[in-house]
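Everything quoted here is computed from the prediction, not taken from an experiment. Letters go in sequence order (proteins before strands), and every chain restarts at 1.
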Amino acid sequence: MRANICSPNLGSVDQAPAATILHADLDAFYASVEQLLDPTLRSRPIAVGGGVVLAASYEARARGVRSGMVGWRARQLCPDLTFVGGHFAEYQRLGDEVMGVLRDFTPLVERVSIDEAFLDVAGSVHLFGAPSTMAAAIRAQVRGQVGLPLSIGVARTKHLAKIASQVAKPDGLVVVDPAEERRFLDPLPVALIWGVGPATGARLAASGIRTIGELVSTSPEVLERLVGRANGAKLGRLASNVDLRGVETARRARSMGAQAALGRRRPTPDLLATTLGYLVDRVAGRLRAAGKAARTLTVRVRFRDLRAVTRSATWMEGICATVTLTEQALALVQAALADHPGEAEITLLAVSLSQLVDEGLVQLELPLGPPGGRPAGPRPGSPAEAARRATDRSLDVVRARFGRAAAGYASVALSGDARVPEAFRELAERGGEEYGGP
DNA sequence: TCTGGGGTCCTAGGACCC
DNA sequence: TCTGGGGTCCTAGGACCC
């Protein structure tokens with residue numbers, strides 16, 4: 001019907017638009033890799049991590065184990081659960097290898113995370129056959145060549161393909177015929193919609209909206225009242241499957257951050273300086289490696305009850321010097337703590353850089369400095385600032401050759417009680433510009 | 001006995017400018 | 001001197017995703 005209305009002059013009016021978007025998603029990725037590397041772990045409930053479950057095998061999920069769950073709780077639910085240390089370098093290598101397989105079928109691959117990607121195969125059907133045929137071939141090749149289970153959803157839009165791959169899991173393939181979209185979507189729970197989490201799901205459920213079909217038949221006004229204007233509109237678009245964004249092979253990062261959980265600690269000057277020095281050191285190094293500088297710095301402090309506060313500062317020019325950013329982060333955290341004098345302990349510190357600009361655009365002289373009224377500002381373009389950048393560049397070079405531990409600022413010497421392996425941090429931080437295609 | 005680390009996007013309110 | 005509307009930018013907080 002839609003085709004008849006929209007394109008009455010095309011010869012293919014009666015032909016439904018083709019389902020050429022694939023969403024490929026590796027099943028229980030970290031856990032599957034562990035089972036691949038150690039055959040004795042296969043078909044057993046395992047969890048990657050220790051204090052917190054980073055990933056659980058399907059055998060463990062069947063017992064209620066979920067990622068993000070604390071270790072003691074997971075063991076409680078599943079006493080024969082095996083915890084395995086993460087082979088983080090292997091996750092990266094195998095994830096990359098799978099992406100290589102995908103790119104053998106089309107250059108239009110949008111990698112969204114280490115284990116997940118969208119493909120647009122419209123231009124490849126003359127080479128490899130129908131999208132469903134291609135999806136089956138990809139799954140077989142990933143299983144045969146890499147050894148990992150991969151689920152794929154095939155549909156007309158990215159969002160629907162993603163829902164289809166969720167339905168296909170584990171180790172399955174679901175193709176949604178364009179003529180069958182409503183019949184497929186309507187009975188599914190709203191939680192399958194990208195962007196519907198616990199809070200939104202609960203609000204919808206409170207109004208009796210549990211399935212995507214029920215969501216679609218809800219008026220825009222009611223939806224807006226429940227979840228806000230933009231969210232309501234977005235939800236409407238997704239549920240009625242009219243969101244037609246294409247596959248993007250390259251997306252640039254909009255922010256970079258680092259955080260550290262601290263247990264319960266009194267925020268002494270020493271703790272703040274050491275932790276912020278470490279966090280800024282990490283993130284500023286990535287910033288410079290990307291050739292960027294940041295105009296906005298945001299810090300986050302979490303208290304014992306998991307409530308968190310943020311403070312941010314924005315400058316006219318981008319900054320990328322470790323020392324300057326550390327000074328600023330410290331000032332912001334102290335300001336945040338001063339606003340919450342009743343909090344004796346903190347549980348997390350985070351640093352994030354945004355409003356990223358090309359480093360070449362950093363002005364070198366006569367800076368305007370920060371707008372008035374904010375923390376004593378650095379002078380991003382001052383000679384002192386240029387000297388700091390030169391120091392950073394030298395350190396970056398040394399580290400690139402000899403590793404992170406080879407050089408650094410004295411205050412950054414990392415305490416041995418790091419709660420998370422360095423390798424996991426390095427893996428997790430590959431979420432930005434590295435993804436998005438060859 | 002209360003959760004890791006790295007991201008994206010949205011909202012509401014205020015400052016400021018035209 | 002007061003009033004109004006619209007746009008842009010910034011800040012703080014929150015929901016969500018992998």
Side-chain angles (χ1 to χ4, degrees), chain A residues 25-26 28-30 47-55 66-76 86 88 91 95 111-117 162 166 191-203 224 227-235 238 251-264 279 282-283 286 295-316 332 335-336 339 347-356 370-375 418-435:
Chain A
D25 201 343
L26 289 155
F29 180 51
Y30 296 171
V48 177
V52 171
V53 176
L54 297 173
R66 296 285 179 272
S67 65
M69 190 174 268
V70 284
W72 64 264
R73 175 69 180 143
R75 283 182 219 276
Q76 195 176 37
F88 298 106
Y91 305 159
R111 188 173 189 177
V112 257
S113 70
I114 191 170
D115 60 353
E116 187 187 343
K162 167 123 179 140
Q166 300 310 107
L192 283 180
I193 295 179
W194 200 92
V196 175
T200 305
R203 239 172 294 169
E224 183 178 327
V227 299
R229 190 169 45 82
N231 250 328
K234 192 184 91 181
L235 231 54
L238 294 180
R251 278 188 304 181
R252 62 184 185 289
R254 302 180 70 87
S255 69
M256 297 181 184
Q259 61 178 339
L262 303 169
R264 291 181 181 181
L279 293 174
R282 289 197 67 90
V283 74
R286 291 168 53 204
R295 283 192 53 228
T296 298
L297 168 68
T298 305
V299 301
R300 181 179 166 86
V301 180
R302 199 180 67 191
F303 301 113
R304 265 171 42 177
D305 58 358
L306 299 187
R307 240 176 354 100
V309 295
T310 61
R311 290 293 180 275
S312 68
T314 299
W315 308 283
M316 298 289 293
L332 288 169
D339 290 340
T347 59
L348 174 137
L349 283 172
V351 166
S352 174
L353 302 175
S354 54
Q355 300 256 60
L356 306 182
R374 285 194 249 286
R419 298 158 70 83
V420 170
E422 194 74 359
F424 178 67
R425 291 179 180 270
E426 285 171 15
L427 180 71
E429 71 187 32
R430 293 180 64 94
E433 64 287 346
E434 287 92 344
Y435 290 152

Should [X] be listed as having a side-chain N or O under 4.0 Å from OP1 or OP2 of [N]?
{"X": "A:Ser352", "N": "B:dG6", "answer": "no"}
{"X": "A:Thr200", "N": "C:dA15", "answer": "no"}
{"X": "A:Arg304", "N": "B:dT3", "answer": "no"}
{"X": "A:Gln355", "N": "C:dC9", "answer": "no"}
{"X": "A:Arg295", "N": "C:dC10", "answer": "yes"}
{"X": "A:Thr314", "N": "C:dT11", "answer": "yes"}

Side chain of [X] - closest among [options]:
{"X": "A:Leu54", "options": "B:dC10, B:dT1, B:dG4", "value": "B:dG4"}
{"X": "A:Val52", "options": "C:dC10, C:dC18, B:dT3", "value": "B:dT3"}
{"X": "A:Glu116", "options": "B:dG4, C:dA12, C:dC18", "value": "C:dC18"}
{"X": "A:Val309", "options": "B:dC10, C:dC17, C:dG13", "value": "C:dG13"}
{"X": "A:Leu348", "options": "C:dT11, B:dT8, B:dG5", "value": "B:dG5"}
{"X": "A:Arg203", "options": "B:dG6, C:dA15, B:dG4", "value": "C:dA15"}
{"X": "A:Thr310", "options": "B:dT11, B:dG5, C:dG13", "value": "C:dG13"}

Which part of the nucleic acid, if any, lies within reach of [X] when heavy atoms closer than 4.0 Å are counted: base, sugar-phosphate only, or nothing?
{"X": "A:Ala350", "value": "nothing"}
{"X": "A:Val196", "value": "sugar-phosphate"}
{"X": "A:Gly68", "value": "base"}
{"X": "A:Arg73", "value": "nothing"}
{"X": "A:Arg307", "value": "nothing"}

What integer distance in Å separates [X]:[atom1] from [N]:[atom2]?
{"X": "A:Asp305", "N": "C:dG14", "atom1": "CG", "atom2": "P", "result": "11 Å"}
{"X": "A:Lys234", "N": "B:dT11", "atom1": "NZ", "atom2": "P", "result": "10 Å"}
{"X": "A:Leu262", "N": "B:dG4", "atom1": "CG", "atom2": "C1'", "result": "12 Å"}
{"X": "A:Arg425", "N": "B:dG4", "atom1": "CZ", "atom2": "P", "result": "11 Å"}
{"X": "A:Gln76", "N": "B:dT3", "atom1": "CD", "atom2": "C1'", "result": "15 Å"}
{"X": "A:Lys162", "N": "C:dC17", "atom1": "NZ", "atom2": "P", "result": "9 Å"}
{"X": "A:Phe303", "N": "B:dC2", "atom1": "CZ", "atom2": "P", "result": "19 Å"}
{"X": "A:Met316", "N": "C:dC10", "atom1": "CE", "atom2": "P", "result": "9 Å"}

Quick one, [X] and [Y] - any side-chain contact, counting heavy atoms below 4.5 Å?
{"X": "A:Lys162", "Y": "A:Glu116", "result": "yes"}
{"X": "A:Asp339", "Y": "A:Arg311", "result": "yes"}
{"X": "A:Thr347", "Y": "A:Leu262", "result": "no"}

Next item on the list: Check A:Thr296 against A:Ser312 and note the closest heavy-atom contact, atom names and distance.
Entry: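 That would be CG2-CB, 4.4 Å.
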Next item on the list: Ignoring hydrogens and angles, state whether a donor on the side chain of A:Thr310 or A:Thr298 is under 3.5 Å from an acceptor on the partner side chain.
Entry: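 Their side chains do not contain a donor-acceptor pair, so the 3.5 Å distance test is not met.
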Notebook entry, point to check: Taking the nucleotide of DNA chain B with the closest heavy atom to each, which residue, A:Arg264 or A:Ala260, is nearer the 5' end?
Noted result: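 Result of the comparison: A:Arg264.
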Check: Between A:Arg254 and A:Met69, who's closer to the 5' end of DNA chain B by nearest nucleotide?
Finding: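 The residue closer to the strand's 5' end, by nearest nucleotide, is A:Met69.
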Next item on the list: Return the 5'-most residue of the pair A:Arg300, A:Thr296 with respect to DNA chain C, ranking by each residue's nearest nucleotide.
Entry: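 By nearest-heavy-atom nucleotide position, the 5'-most residue is A:Thr296.
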Check: Hey, is the main chain of A:Gln76 close enough, under 3.5 Å, to the side chain of A:Arg73 for a donor-acceptor pair?
Finding: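 No; judged by distance alone, with no hydrogens or angles, the pair does not exist.
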Checklist line | Side-chain donor/acceptor of A:Arg295 to backbone N/O of A:Ala313, under 3.5 Å | finding: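 Absent.
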Note to self: When both hydrogen-bonding distances must be under 3.5 Å and the geometry is Watson-Crick or G-U wobble, what is C:dC18 paired with, if anything?
What the structure shows: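 Paired with C:dC18, as far as the under-3.5 Å criterion goes, is B:dG5.
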Next item on the list: Taking atom C1' in both B:dT3 and C:dC16, compute the distance separating them and give it to the nearest angstrom.
Entry: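 That atom pair is separated by 16 Å.
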